[in-house]
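The structure appears right after this line, and notes come after that.
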Amino acid sequence: MVSVLSLVPRGVLVSALAALSVPSLSALTATPASAAPPASVAPPASVAQAASASPAAGGARLMPALRAAGLMPPPARPEDEAGDHLRVVVRNAGPRLDGTYELSCHPTAGDHPDAAGACRALDANTQWGRDTFAPVAPDSVCTMLYGGPATARVTGTWAGRPVDAVYDRGNGCEIARWDRMVPLLPGLGPTA
């Protein structure tokens, strides 16, 4: 089992400790680091459940659990309160697909044609420590398959990080990268 305290960033740990009572804090200071905390200071069930999954998944699940339990500190900057917000500009994909779309997730809002689906696709492609919008690696070996002239640019903020990503369908790797983001980007179907 993964220790919740080993997965919690320092700022979150301070907020969680601030919520504990004085007797609970004195019990924590008397507990060696290798020992489990006493039952009186156990984390909320949602936090313990999120951290007990696996070491790799625990960190990714822990932050939403802490937020739901009210243990996350408030956003440090006003712009952080807006959540995840992206602007998607699509060109040369077709008359009904081209355009500029605004998308907000957590909560879902905006004029994107499938805002809920786009947020689900983004959430599915977001992993801790990995850039969701990373370009294809320069040393990748890609098929010489042309997917058409469509291009897209995604800018904004996702998972607290700035985003400025460009997409095209110039080879098999770029097509796969584009298709991973459908329906954030328009589904253009299989290439001929």
Side-chain angles (χ1 to χ4, degrees), residues 2 6-7 9 50-67 72 75-77 79-192:
V2 175
S6 67
L7 295 174
S52 66
S54 73
R61 292 186 187 165
L62 184 61
M63 298 308 273
L66 287 172
R67 186 175 292 117
M72 289 292 293
R77 302 171 298 174
E79 59 269 20
D80 291 341
E81 291 190 27
D84 299 317
H85 181 82
L86 299 171
R87 172 176 284 184
V88 182
V89 179
V90 179
R91 300 282 179 251
N92 302 315
R96 292 176 307 209
L97 303 174
D98 287 354
T100 300
Y101 308 103
E102 298 290 330
L103 174 69
S104 293
C105 299
H106 315 113
T108 303
D111 63 357
H112 189 282
D114 184 3
C119 290
R120 278 193 305 275
L122 286 163
D123 286 337
N125 283 291
T126 301
Q127 295 178 0
W128 186 262
R130 189 179 137 246
D131 181 3
T132 306
F133 302 92
V136 173
D139 60 347
S140 296
V141 178
C142 304
T143 59
M144 296 195 57
L145 180 65
Y146 181 65
T151 62
R153 183 170 184 181
V154 180
T155 57
T157 303
W158 181 256
R161 294 178 173 243
V163 174
D164 190 353
V166 177
Y167 290 81
D168 66 47
R169 298 176 60 82
N171 61 46
C173 296
E174 295 290 351
I175 293 169
R177 180 173 172 250
W178 178 294
D179 288 348
R180 273 193 303 274
M181 289 297 172
V182 171
L184 174 68
L185 304 178
L188 299 178
T191 56

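Heavy-atom basis, side chains included; hydrogens, waters and symmetry copies ignored.
- Shown here are the side chain to side chain donor-acceptor pair (under 3.5 Å) partners of Thr132, two or more places apart in sequence or in another chain: Thr126.
- Here the side chains of Leu122 and Asp84 are not in contact, with every heavy-atom distance at 4.5 Å or above.
- Classification of the Tyr167-Phe133 ring pair by plane angle, with boundaries at 30° and 60°, yields perpendicular.
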* Asked: Is there a side chain to side chain contact (heavy atoms under 4.5 Å, CB included) between Ile175 and Leu188 once you walk through the steps?
  -> CA-CA 10 Å; Ile175 293 169; Leu188 299 178; over 6 Å; no

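- The salt bridge (charged side-chain N to carboxylate O under 4.0 Å, His left out) check on Arg87 picks up Glu102, with sequence neighbours excluded.
- Between the side chain of Trp178 and the backbone N or O of Thr151, no donor-acceptor pair lies under 3.5 Å.
- Partners of Asp114 under the side chain to side chain donor-acceptor pair (under 3.5 Å) rule, at least two apart in sequence or in another chain, do not exist in this structure.
- Sorted by first and then second residue, the salt bridge (charged side-chain N to carboxylate O under 4.0 Å, His left out) pairs with a member in residues 146-158 read Arg153-Asp164; sequence neighbours excluded.
- Arg161 is linked by a side chain to side chain contact (heavy atoms under 4.5 Å, CB included) to nothing, counting only residues two or more places apart in sequence or in another chain.
- Residues satisfying the side chain to side chain donor-acceptor pair (under 3.5 Å) criterion with Asp98, sequence neighbours excluded, are absent altogether.
- Between the side chains of His85 and Thr157, no donor-acceptor pair of N or O atoms lies under 3.5 Å.
- With sequence neighbours excluded, no residue forms a side chain to side chain donor-acceptor pair (under 3.5 Å) with Arg180.
- For the residue pair Thr143 and Asn171, the shortest heavy atom distance occurs at O-CB, 3.4 Å.
- Partners of Val136 according to the side chain to side chain contact (heavy atoms under 4.5 Å, CB included) rule, which considers only residues two or more places apart in sequence or in another chain, are Ser140, Cys142, Cys173, Glu174, Arg177.
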Only pairs under 3.5 Å count here: list side-chain donor-acceptor contacts from residues 90-97, not counting sequence neighbours, and write none if there are none.
none

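- When all heavy atoms of Pro183 and Ala121 are compared, the closest pair comes out as CD-CB, 3.8 Å.
- Partners of Asp139 under the salt bridge (charged side-chain N to carboxylate O under 4.0 Å, His left out) rule, at least two apart in sequence or in another chain, do not exist in this structure.
- When the side chain to side chain contact (heavy atoms under 4.5 Å, CB included) test is applied to Ala115, the partners found at least two apart in sequence or on another chain are Leu103, Thr108, His112.
- Residues satisfying the salt bridge (charged side-chain N to carboxylate O under 4.0 Å, His left out) criterion with Asp179, sequence neighbours excluded, are Arg169.
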